[in-house]
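Read through the structure below, which is laid out as structure tokens, and then see the notes.
Residues: numbered from 1 along the sequence shown.
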Amino acid sequence: MNRKVLIIEDNDDIRESTAEVLDLAGYKTFTAKHGKIGVEMAVNHLPDVILCDIMMPELDGYGVLYLLNKNPKTANIPFIFITAKTERADMRKGMEMGADDYLTKPFDDTELFRAIESRFKKKQQATSFSLAEGNGETVMDELRKKGKPRAVNSKQVIYIEGDEPTHLYYVVKGQVKTYKRFKDGRELSSGLYHDGDFFGYESLCNGELYAENAATLTESEIIHIPKADFMEYLLSHQVVSKTFIGLLSGNVRDKGKQMLQLAYSSVRKRVAEALLQVATKFGDGEANTCTIRISRDDLAALVGTASETVSRMLADFKDEKLIDKTGNAINILSIEKLRNIKQ
């Protein structure tokens, strides 16, 4: 069976010539002239690899990657950015968002084949690793079954900074935040978790007291897995250790990014980033729009500013037709425009 490659590129010559070369090499290709069509084709055809330009009308490459990462069907498809030399400084952003590789225009046939085959090889190695482990999902399911599910009301504290960690937590359904509380009563959120997420593992892995607090944002069902069971699986199963190494690495990256934003980004940019963060975790919607539900105080804790400041900024965003509000819901009218807000 021919491997499928999706090419998302607004330049007709590059798009068609790349498809022609890959067709001749035995690949089955699909092409899209801008991001919105590309997202639809990725969902419909589930290609083995995606080549995507960064600068495009309708929806840029970053928006394409964001939407594909949100969809479980497409989140694990290898993704290669196509970029002009003048855009190479932006590649760090793409790699941080989860891109696997990039090709710099103009690229030759050898570079193209090497990039694609490298993605196939790594995907095959990952599959082989999973098979060698037995069944990774089965092992993770066994770990989850070591705990007891508990119903937790909205706004309930799960653990407090300075407590001794005794459990690993898994969100069956609901929404959870982790946060720091300062002496003057201010809060700074450090993480958001929803269905299918683990939390509380940093202190377990470090062997330290909790460095932050955790509380529910909505009514939730959370599995409490005893520390002893978690440590046994962490040390005995590679798939478990690999999973939590990845989670820890992601947390370090996210917290570093948060500190940089607090130090250098304007409040306007930070509010936009916070809305995008909530949309990624809790939003429901399609393409370039999304609806989120979060209190003003919780949003302020993500931004690291006063709730009154957040209210003023949301009013500005509403006037600019970036968002709308319906009751306690915030309707994001353009994810792309929010992402492109400058300092």
Side-chain angles (χ1 to χ4, degrees), residues 69-72 75 137 139-181 186-205 209-230 233-234 240 243-244 246-248 250-251 254-255 258 274-285 290-303 307 310 325-332:
N69 281 342
K70 280 193 67 176
N71 190 328
E137 279 304 309
V139 174
M140 298 304 291
D141 284 341
E142 290 175 357
L143 175 60
R144 286 187 283 266
K145 289 176 182 178
K146 291 289 183 178
K148 294 182 179 180
R150 298 181 184 178
V152 186
N153 291 330
S154 176
K155 306 296 182 183
Q156 296 297 302
V157 174
I158 299 169
Y159 58 75
I160 298 174
E161 181 178 356
D163 281 356
E164 179 76 30
T166 57
H167 291 84
L168 169 68
Y169 300 94
Y170 177 80
V171 184
V172 178
K173 61 179 179 180
Q175 299 175 5
V176 174
K177 67 174 181 178
T178 52
Y179 60 97
K180 298 279 289 187
R181 185 185 294 277
R186 291 182 299 117
E187 287 186 7
L188 177 64
S189 290
S190 54
L192 298 174
Y193 304 89
H194 66 154
D195 305 7
D197 286 341
F198 290 98
F199 67 97
Y201 47 81
E202 295 97 330
S203 296
L204 288 173
C205 293
L209 301 179
Y210 285 121
E212 56 195 5
N213 309 281
T216 54
L217 291 169
T218 62
E219 290 187 7
S220 303
E221 182 180 345
I222 298 173
I223 294 176
H224 295 55
I225 302 167
K227 175 181 177 180
D229 291 320
F230 170 58
Y233 271 69
L234 187 68
V240 177
T243 296
F244 285 95
L247 291 173
L248 287 166
N251 285 353
D254 292 343
K255 289 178 181 179
Q258 184 183 32
L275 290 172
L276 291 171
Q277 182 182 355
V278 176
T280 300
K281 279 291 184 181
F282 305 148
D284 53 73
C290 185
T291 299
I292 62 176
R293 291 169 178 80
I294 188 170
S295 73
R296 184 183 64 174
D297 290 341
D298 287 327
L299 189 59
L302 278 171
V303 177
S307 56
V310 168
K325 297 190 73 176
T326 307
N328 66 343
I330 298 174
N331 305 309
I332 298 176

- Message: Could you go through Thr326 and Asn331, starting from their C-alpha distance and side-chain angles, then the distance that decides it, and tell me whether this counts as side-chain contact (heavy atoms from CB on, under 4.5 Å)?
- Response: CA-CA 7 Å; Thr326 307; Asn331 305 309; 2.9 Å; yes

Could you tell me if the side chain of [Y] sits less than 4.5 Å from the side chain of [X], heavy atoms only?
X      : Y      : result
Asp197 : Val176 : no
Gln175 : Thr218 : yes
Phe282 : Leu192 : yes
Tyr179 : Leu302 : no
Asn153 : Thr216 : no
Asp163 : Leu209 : no
Thr291 : Arg293 : yes

For [Y], is there any backbone N or O sitting under 3.5 Å from a side-chain donor or acceptor partner on [X]?
X      : Y      : value
Thr280 : Leu276 : yes
Asp297 : Ser307 : no
Ser220 : Val152 : no

- Going by the angle between their ring planes, with limits at 30° and 60°, are Tyr201 and Phe244 parallel, tilted or perpendicular? perpendicular

Hey, is [X] close enough to [Y] for a salt bridge, meaning N to O under 4.0 Å?
X      : Y      : answer
Asp298 : Lys155 : yes
Glu187 : Arg181 : yes
Glu221 : Arg150 : no

- Verify whether one side chain among Asn213 and Thr178 offers a donor that lies under 3.5 Å from an acceptor in the other. no

- Item | Side-chain H-bond candidate by donor/acceptor type, Ser190 with Glu212, under 3.5 Å | yes

- Message: Testing Tyr170, Phe199, Tyr169 one by one against Tyr193 for a ring-ring contact (aromatic ring centres under 6.0 Å, His included), which residue passes?
- Response: Phe199

- Item | side-chain contact (heavy atoms from CB on, under 4.5 Å) evaluation trace for Val172 with Ile222 | CA-CA 6 Å; Val172 178; Ile222 298 173; over 6 Å; no

- Derivation of the side-chain contact (heavy atoms from CB on, under 4.5 Å) call for Leu217 and Ser154: CA-CA 5 Å; Leu217 291 169; Ser154 176; 5.9 Å; no

